[in-house]
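The block underneath contains the structure these notes are about, expressed in structure tokens.
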Amino acid sequence: MSSDSCLLIRHARILMPTGDILLADVLTRGREIVQVAPNISASADREIDATGLTLLPGVIDPQVHFREPGLEHKEDLFTASCACAKGGVTSFLEMPNTRPLTTTQAALDDKLKRASEKCLVNYGFFIGATPENLPDLREAQPTCGIKIFMGSMRGGLLVDSEESLEPIFAQGTRLIAVHAEDQARIRERREKFAGINDPAIHSQIQDNQAALNATQLALKLSKKYQRRLHILHLSTGEEAELLRRDKPSWVTAEVTPQHLLLNTSAYEKIGTLAQMNPPLRSPQDNATLWQALLDGVIDFIATDHAPHTLEEKAQTYPNSPSGMPGVETSLALMLTQAIQGRCTIAQVSNWMSTAVAKAYRIPKKGAIAPSYDADLVLVDLENYRPVRREELLTKCGWSPFEGWNLTGWSVMTIVGGQVVYERGKLHTAIRGQALTFDG
């Protein structure tokens with residue numbers, strides 16, 4: 001299809017911006033939605049019969065690690081964007097811990113060029129904070145924000161003292177996203193539990209208090225400078241309750257599906273495949289995080305897609321790396337929760353698209369309405385299918401949710417008015433675009 005071609009989706013159950021489901025048609029022209037109405041009579045280059053399917057805004061995954069450049073044996077921008085397309089993810093925001101680190105304009109430009117050549121979906125990139133790169137943090141463009149690793153990081157991206165954090169919060173205006181773990185506490189507890197090879201110890205080494213300490217510090221600095229703060233992958237009930245009591249209007253937070261749906265019991269079942277940073281927590285943490293999400297204390301969902309090969313994961317703890325893939329399964333996991341009555345379809349879409357676009361100020365994303373970008377996903381909420389390792393498109397080839405029976409799988413994913421995935425087939429010649437950020 002040409003860049004100005006029209007796509008007409010007929011008879012879809014459309015999630016409207018109001019949260020209502022409307023049985024109607026959607027017409028797109030070029031990259032935009034031009035009409036949403038029952039029985040659109042216009043002609044189009046392609047018509048899609050969406051009878052029985054639900055049309056949602058495309059997922060925006062605001063925290064992924066796609067490993068390129070430097071670690072392409074785990075994942076690369078092409079394979080990751082294929083996995084996104086299959087999972088209904090039409091845009092992503094990617095993290096700076098690649099090789100080289102994304103800490104300069106030149107490294108950011110390199111990623112943007114790679115993505116323009118390889119990505120089937122839309123893309124944006126964080127710039128990583130170090131104690132030395134303040135000018136880049138203020139001036140690099142285009143970027144969705146500054147990523148600070150307060151813990152769980154070695155090398156140049158670790159910024160773990162209040163003295164080194166304060167100048168970053170004090171200078172500039174762009175959003176700061178923090179991986180909030182107290183590195184000093186982790187270091188002490190790593191020594192305390194040295195010699196234990198059971199991966200379940202990971203959740204004790206990087207315990208709830210380590211997460212709470214760092215979130216408290218980030219919140220303190222954000223309030224001091226009224227600086228936009230986003231807390232990545234909130235994992236503990238203590239952090240959720242802290243934000244319930246004290247969350248300024250300029251602060252947002254996210255949670256991952258794994259911190260909602262998995263807990264420390266997973267170590268016994270899948271071993272190091274359950275190892276991630278911050279770690280899985282208790283069933284009580286699951287419940288508190290769910291309530292905070294439902295109440296709006298937590299604003300949205302991200303996957304923290306962080307793949308490692310099965311060979312790497314097979315190493316004995318603590319040599320096994322932390323991280324798990326997620327972009328292919330996140331939407332189906334959350335829609336399954338909606339069908340089971342834990343939340344609504346409208347809430348899932350808000351958490352995985354609309355609220356993300358709002359927080360990162362991404363224009364024309366996150367709603368099915370005229371003048372919005374035609375980033376859409378048609379999902380099947382009538383049938384269930386299990387997560388199968390052999391069907392995954394992520395290069396690492398595994399999932400912590402293998403065997404889970406899910407509904408809400410993408411039948412068709414549309415990026416900028418072009419079908420990139422349909423019923424098991426990828427259209428790999430299609431390319432997404434660099435996201436823009438209004439402020």
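In what follows, residues are counted from 1 in the order of the sequence shown.
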Report yes or no: do Arg185 and Gln209 form a side-chain donor-acceptor pair below 3.5 Å?
no
For the student: nearest non-hydrogen atoms of Val89 and Val327, plus distance:
CG2-O, 3.7 Å
How long is the gap from CH2 on Trp290 to CZ on Arg342, to the nearest 0.5 Å?
5.0 Å
Looking at CD of Gln226 and CG of Leu229, how far apart are the two atoms once the value is rounded to the nearest 0.5 Å?
13.0 Å
Over 60° means perpendicular and under 30° means parallel, so tell me whether Tyr317 and His202 are parallel, tilted or perpendicular.
perpendicular
Is the shortest side-chain heavy-atom distance between Thr28 and Val34 below 4.5 Å?
no
Stepwise side-chain contact (heavy atoms from CB on, under 4.5 Å) check, Leu165 with Ile148:
CA-CA 9 Å; Leu165 287 163; Ile148 302 180; 3.6 Å; yes
What closest approach, in Å, do Thr336 and Thr407 show between heavy atoms, and which atom pair accounts for it?
OG1-N, 2.9 Å
Is Glu32 reaching over with its side chain to a backbone N or O of Pro370, donor-acceptor style, under 3.5 angstrom?
no
No-hydrogen, no-angle side-chain donor-acceptor test under 3.5 Å, Arg31 and Gln433
yes
Salt-bridged, Lys118 to Glu68, with N to O below 4.0 Å?
yes
Do any N or O atoms from the side chain of Thr143 and from the backbone of Ala140 form a donor-acceptor pair under 3.5 angstrom?
no
Hey, does the side chain of Lys86 reach the backbone of Tyr421 with a donor-acceptor pair shorter than 3.5 angstrom?
no
Would you find a donor on one side and an acceptor on the other, under 3.5 Å apart, between the side chain of Asn122 and the backbone of Thr90?
yes
Without swapping roles, check the side chain of Asp246 against the backbone of Leu243 for a donor-acceptor pair under 3.5 Å.
no
Pair Thr236, Arg281: side-chain N/O donor-acceptor within cut-off below 3.5 Å
no
Under the side-chain contact (heavy atoms from CB on, under 4.5 Å) rule, what do Ile33 and Ser371 come out as? Steps first, then yes or no, please.
CA-CA 6 Å; Ile33 297 166; Ser371 82; over 6 Å; no
Output for pair (Leu134 CG, Arg138 CZ), nearest 0.5 Å, gives 6.0 Å
Show, in sequence, the C-alpha distance, side-chain angles and deciding distance for Arg29 and Gln35, and conclude whether the side-chain contact (heavy atoms from CB on, under 4.5 Å) test is met.
CA-CA 9 Å; Arg29 181 177 297 112; Gln35 190 177 2; over 6 Å; no
Any ion pair linking Glu117 and Lys113 (charged N to carboxylate O, less than 4.0 Å)?
yes
Salt bridge Asp76-Arg67, side-chain N to carboxylate O under 4.0 Å:
no
Evaluate the salt bridge (Lys or Arg N to Asp or Glu O under 4.0 Å) criterion for residues Glu241 and Arg244: first the C-alpha distance (whole Å), next the side-chain angles of each, then the deciding distance (0.1 Å), finally the verdict.
CA-CA 5 Å; Glu241 292 307 312; Arg244 188 181 292 279; 3.5 Å; yes
Distance-only side-chain donor-acceptor flag, Ser235 / His259, under 3.5 Å
no
Aromatic contact between Phe92 and Phe66, with the criterion being ring centroids under 6.0 Å apart: yes or no?
yes
Do the side-chain N and O atoms of Gln63 and Glu254 include a donor-acceptor pair separated by under 3.5 angstrom?
yes
Any luck finding a side-chain donor-acceptor pair between Gln275 and Thr272 under 3.5 Å?
no
Can a side-chain donor-acceptor contact be found between Thr98 and Lys111 if the only test is distance below 3.5 angstrom?
yes
More than 12 heavy atoms of other groups within 6.0 Å of Lys364 NZ:
yes
Could you report the tightest heavy-atom contact between Val121 and Cys84, atom names first, then the distance?
CG2-CB, 4.1 Å
Check the side chains of Gln315 and Ser320 for a donor-acceptor pair under 3.5 angstrom, ignoring hydrogens and angles.
no
More than 12 heavy atoms of other residues, nucleotides or ligands under 6.0 Å from CD of Gln141: yes or no?
yes
When you look at Lys247 and Asp299, which way does the salt bridge (Lys or Arg N to Asp or Glu O under 4.0 Å) test go after all the steps?
CA-CA 11 Å; Lys247 187 187 177 199; Asp299 299 89; 2.7 Å; yes
Interatomic distance, CG@Asp304 vs CD@Gln258, rounded to 0.5 Å, equals 6.5 Å
Just do the side chain to side chain donor-acceptor pair (under 3.5 Å) check on His230 and Thr252 with the steps written out, would you?
CA-CA 5 Å; His230 178 64; Thr252 52; 2.8 Å; yes
Which label fits Trp404 and Phe401: parallel for a plane angle under 30°, tilted from 30 to 60°, or perpendicular past 60°?
perpendicular
May I ask you to say whether Glu72 pairs ionically with Arg114, meaning some side-chain N is under 4.0 Å from a carboxylate O?
yes
What is the distance from atom CZ of Phe125 to atom CD of Glu94, rounded to the nearest 0.5 Å?
5.5 Å
Donor-acceptor check, side chain of Asp373 to backbone of Gly417, threshold 3.5 angstrom: yes or no?
no
Out of curiosity, Ile176 CD1 to Leu137 CG, how far, rounded to the nearest 0.5 Å?
8.0 Å
Between Ser349 (side chain only) and Ala346 (backbone N and O only), is there a donor and an acceptor less than 3.5 Å apart?
no
Indicate whether the side chain of Ser203 and that of Tyr267 have a donor and an acceptor atom separated by less than 3.5 Å.
yes
Between the side chains of His308 and Lys313, is a donor N or O closer than 3.5 angstrom to an acceptor N or O?
no
Counting only N and O atoms by type, is there a donor-acceptor contact under 3.5 Å from the side chain of Arg228 to the main-chain atoms of Ala359?
yes
Nearest heavy-atom approach of Gly237 to Asp285 is N-OD1, 2.7 Å
Donor-acceptor pair, side chain of Arg227 and main chain of Arg174, under 3.5 angstrom:
yes
Would Asp61 and Thr303 count as having a side-chain donor-acceptor pair, cut-off 3.5 Å?
yes
At their closest point, which heavy atom of Val420 faces which heavy atom of Leu120, and how far apart are they?
CG1-O, 3.7 Å
Does Thr309 form a side chain to side chain donor-acceptor pair (under 3.5 Å) with Glu312? I'd like the steps, not just the answer.
CA-CA 5 Å; Thr309 66; Glu312 290 166 333; 3.3 Å; yes
Between His305 and His65, does the ring centroid distance fall short of 6.0 Å?
no
Can you confirm whether Val178 sits close enough to Ile231 that some side-chain heavy atom of one is under 4.5 Å from a side-chain heavy atom of the other?
yes
Go through Leu310 and Leu273 one step at a time and tell me if the side-chain contact (heavy atoms from CB on, under 4.5 Å) criterion holds.
CA-CA 8 Å; Leu310 284 166; Leu273 298 187; 4.1 Å; yes
Flag side-chain contact, heavy atom, 4.5 Å: Met352 against Ile60
no
Quick check with a 6.0 Å cut-off and a 45 degree axis cone: is Lys223 positioned over the face of Tyr225's six-membered ring?
no
Ignoring hydrogens and geometry, is there a side-chain-to-backbone donor-acceptor pair from Ser222 to Ala218 under 3.5 Å?
no
Taking Glu402 first and then Arg388, would you say they form a salt bridge - that is, a charged N and a carboxylate O separated by under 4.0 Å?
no
Looking only at heavy atoms, what is the nearest atom pair of Gln206 and Ser152, with distance?
NE2-OG, 3.1 Å
